[in-house]
Amino acid sequence: MTRGCEAAASAGLIDVNAGSWAALTEAGGAWTVRQGGPDRIWDAIEHHVNRWHEHGAPELDQFTVTATPNGHTITCPGN
């Protein structure tokens, strides 16, 4: 059976508290990102992925997670 077109992948991220969102779609090997709301979710993700690469892409066991009743933090090695 031939579908006549390539299947596209997609993903979505939503921050219901802030009202922000990002939608990712892939077609033909290229990704398109759309985002809206007061916070730029995808821009923040790219920032943190770039920092992760700058620190040598450490394994997950190198991170420290701290959770308190007032919030949480994730500390990357090298900070």
Side-chain angles (χ1 to χ4, degrees):
M1 173 182 242
T2 304
R3 294 171 44 129
C5 66
E6 291 184 29
S10 64
L13 304 162
I14 301 172
D15 180 339
V16 294
N17 291 328
S20 299
W21 58 272
L24 297 81
T25 55
E26 183 272 335
W31 286 89
T32 301
V33 177
R34 294 180 300 128
Q35 56 186 336
D39 299 321
R40 310 302 285 176
I41 294 175
W42 191 253
D43 293 350
I45 291 169
E46 283 189 331
H47 169 77
H48 290 292
V49 168
N50 288 335
R51 286 183 58 212
W52 176 69
H53 281 288
E54 289 168 4
H55 287 98
E59 298 292 329
L60 287 176
D61 63 357
Q62 299 293 310
F63 288 81
T64 302
V65 177
T66 304
T68 70
N70 297 323
H72 67 275
T73 58
I74 302 172
T75 305
C76 175
N79 281 342

Student: Side-chain atoms of residues 60-73: list all donor-acceptor pairs with protein atoms under 3.5 Å, sequence neighbours left out, distances to 0.1 Å.
Tutor:
unit_1, atom_1, unit_2, atom_2, d
Thr68, OG1, Asn70, N, 3.2
Thr68, OG1, Gly71, N, 3.4
Thr68, OG1, Gly71, O, 3.3

Student: Verify the neighbour count for atom CD1 of Ile14: are there more than 12 heavy atoms of other residues, nucleotides or ligands below 6.0 Å?
Tutor: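 Atom CD1 in Ile14 is not packed in, count stays at 12 or less.
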
Student: Extract all donor-acceptor atom pairs below 3.5 Å that involve side chains of residues 38-50 and protein atoms in other chains or at least two apart in sequence.
Tutor:
unit_1, atom_1, unit_2, atom_2, d
Trp42, NE1, Glu46, OE2, 3.2
Asp43, OD1, Gln35, NE2, 3.0
Asn50, ND2, Glu46, O, 3.2

Student: Give, for atom OG1 of Thr25 and atom CH2 of Trp31, the distance between the pair rounded to the nearest 0.5 Å.
Tutor: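 So the gap between those two atoms works out to 7.5 Å.
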
